[in-house]
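Computed over heavy atoms, backbone and side chain alike; hydrogens, waters and symmetry mates excluded.
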Amino acid sequence: MTNFDNVGVIDDDFAPAAAPARGKAREAAGAKVAVKGGKGLTIGIGVSAVVAVIGIVLWAMQLSGGMIQTAMRNLDSWGLYITMFMFFVGLSAGGLIISSVPKAFGIKGFGGISKVAVMTSIAATVGAIGFVMVDLGQPGRVWELFAYSNLGSPLMWDIIVLATYLILSCVYLWAQVQNEKGKVSHAALRVISVVALVCAVLVHSVTAWIFGLQQSHEMWHTALLAPWFVSSALVCGTGLVIVAVAALRASGYLKVDQANLVKLSKLLAVFLLVDLYFFGCDLLTEAFPAGSGAEVVAMLVSGPLAPFFWGEVVLSIVAVVLCVVPQLRTTPLMVVAGILAVAAIFCKRVQLLVGGFQIANIDMPAVMTQFTVTNWEGNLAQAYQGLVYWPTPLEFGVTLGVVALSFLVLFLGLKFLPLKPQDQE
């Protein structure tokens, strides 16, 4: 039998020789899952549940009064809900990638944080699906998506991939737990890791294609959008994992070496620089020919979306500095870097969605009257000139409820699932 004890590249979340012994000891002790986390997690679960219920009540109000209660209109048919959907898909994909890459390639991981990273991925995926549901004016008709599905539509691709992704994330988490008990082999776990990694890349690529394949929107129609989405997912997913792991270590839930947090912060810096490079390439391609793309760049750099554009750039640069300067790589500052990275990607999502609708792509003067738009004597672009989508209080409330639902799933997982490495239990 091969001895893996001295192999340096095996993932440090797994010790093949010790797994069967640990599994037998666990079974002898009753193999019961301990309730962990203490009062802090209990309070978090309670608060999240209350806010989620409030969000459900507000969603019911939205359903009863119609989508007219939101700020979405003809020009902005998608708003805060789809912005958050993109954002949460990125959080989920990034967390799963951070967990699956070490196991898929048989390299050292990040000190027992793998299962926590997968749990953050599951919670974010639940949130992403929740935002799609609240964006539907008639959620009772969701069955029609499957009864009359159009497999040629990127929207249908996303539904299929997202559902598969959620199921696969749960299977991957289960496989890691069983692997620690010696009931799932390391080879099988590696296969699942590879499949999970491919699915994580696909789920964000398909989300990007929903936008990028719409040639009628200048800002979205670029082949760079899918890799750009993946790089953004890596940024915000890594940032979220850093914040979660640091918080769990501070609470005593996990024991994580400082070296592993430093490795994560270095990865975050690389992902941020790649994401900024993609952003620069896209801006240069749009602005240099001095064509219609120059209008998009002007809107971002000095127009109504400039605060989000410069916010992304500044937040990303500050996060990179905090991650690459050795003297600044303390735990509090690495947490700050993770938060700044997540905030930078949120700014990117706002630019992408709102900016894609900001420049009118249709001109229908015949259907414009004083009862439909204010400046009804001009064309559509003139009618909406200077107007920028801003969510209503109802949209903010429903959004907060869905975010709380994600936190509720995460906190329940931390409290009741065996997410700690077995040597820390």
Side-chain angles (χ1 to χ4, degrees), residues 83 86-87 89-91 93-98 101 197 200-209 211-213 217-242 262-291 293-303 305-326 328-329 334 336-356:
T83 301
M86 288 192 293
F87 181 60
V89 168
L91 289 174
L96 190 61
I97 290 172
I98 288 296
V101 165
L197 177 59
V201 174
L202 275 178
V203 72
H204 222 47
S205 298
V206 172
T207 303
W209 291 334
F211 298 89
L213 297 182
H217 291 274
E218 178 71 34
M219 189 174 180
W220 297 345
H221 191 52
T222 168
L224 190 60
L225 205 58
W228 194 7
F229 263 55
V230 174
S231 70
S232 298
L234 289 169
V235 169
C236 59
T238 306
L240 177 63
V241 170
I242 289 175
V262 171
K263 284 196 294 183
L264 280 172
S265 69
K266 291 178 180 178
L267 273 179
L268 179 61
V270 173
F271 295 151
L272 279 164
L273 290 174
V274 171
D275 197 64
L276 286 174
Y277 170 71
F278 284 161
F279 198 14
C281 289
D282 189 67
L283 291 174
L284 181 63
T285 305
E286 289 180 330
F288 189 79
E295 186 178 2
V296 173
V297 177
M299 173 187 64
L300 294 176
V301 175
S302 58
L305 295 179
F308 293 99
F309 172 84
W310 292 111
E312 178 193 354
V313 173
V314 172
L315 291 173
S316 297
I317 292 174
V318 173
V320 169
V321 171
L322 292 177
C323 290
V324 299
V325 178
L328 298 178
R329 283 199 295 258
M334 284 190 287
V336 170
I339 295 173
L340 294 180
V342 172
I345 299 304
F346 179 75
C347 288
K348 179 192 293 294
R349 295 293 175 253
V350 173
Q351 295 172 65
L352 185 68
L353 188 126
V354 179

Worksheet entry | Side-chain heavy-atom pair M219, L300 within 4.5 angstrom cut-off | yes
Worksheet entry | Qualifying residues under side chain to side chain contact (heavy atoms under 4.5 Å, CB included), relative to P227, sequence neighbours excluded | L224, F278
Discussion item. Can you list everything that forms a ring pair (Phe, Tyr, Trp, His ring centres under 6.0 Å) with F309? Sequence neighbours excluded, please.
Written reply: F279
Worksheet entry | Contact summary for L305 and V354, nearest pair of heavy atoms | CD2-CG1, 4.0 Å
Response to the item:
Residues pairing under salt bridge (charged side-chain N to carboxylate O under 4.0 Å, His left out) where one sits in residues 229-242, two or more places apart or in two chains, turn out to be none
Fill in: Side-chain touch V274/L234, heavy atoms, less than 4.5 angstrom
no
Worksheet item: In chain order, what residues pass the ring pair (Phe, Tyr, Trp, His ring centres under 6.0 Å) check against F211, with sequence neighbours excluded?
Response: W78, W220
Worksheet, complete the sentence: Taken in chain and number order and not counting sequence neighbours, the residues that satisfy side chain to side chain contact (heavy atoms under 4.5 Å, CB included) with V262 are Q258, S265, K266, R329, M334
Fill in: Close side-chain approach of L272 and L268, heavy atoms under 4.5 Å
yes
Worksheet item: Residues in ring pair (Phe, Tyr, Trp, His ring centres under 6.0 Å) with F87, at least two apart?
Response: F346
Worksheet, complete the sentence: Applied to residues 340-353, the side-chain hydrogen bond (donor to acceptor under 3.5 Å, both in side chains) test, sequence neighbours excluded, yields H204-R349, D275-K348, E312-K348, E312-Q351
Item to complete: Kindly write out the residues that satisfy side-chain hydrogen bond (donor to acceptor under 3.5 Å, both in side chains) with T207, not counting sequence neighbours, or none if the list is empty.
Response: D158
Fill in: Set of side chain to side chain contact (heavy atoms under 4.5 Å, CB included) partners for A343, sequence neighbours left out
L315
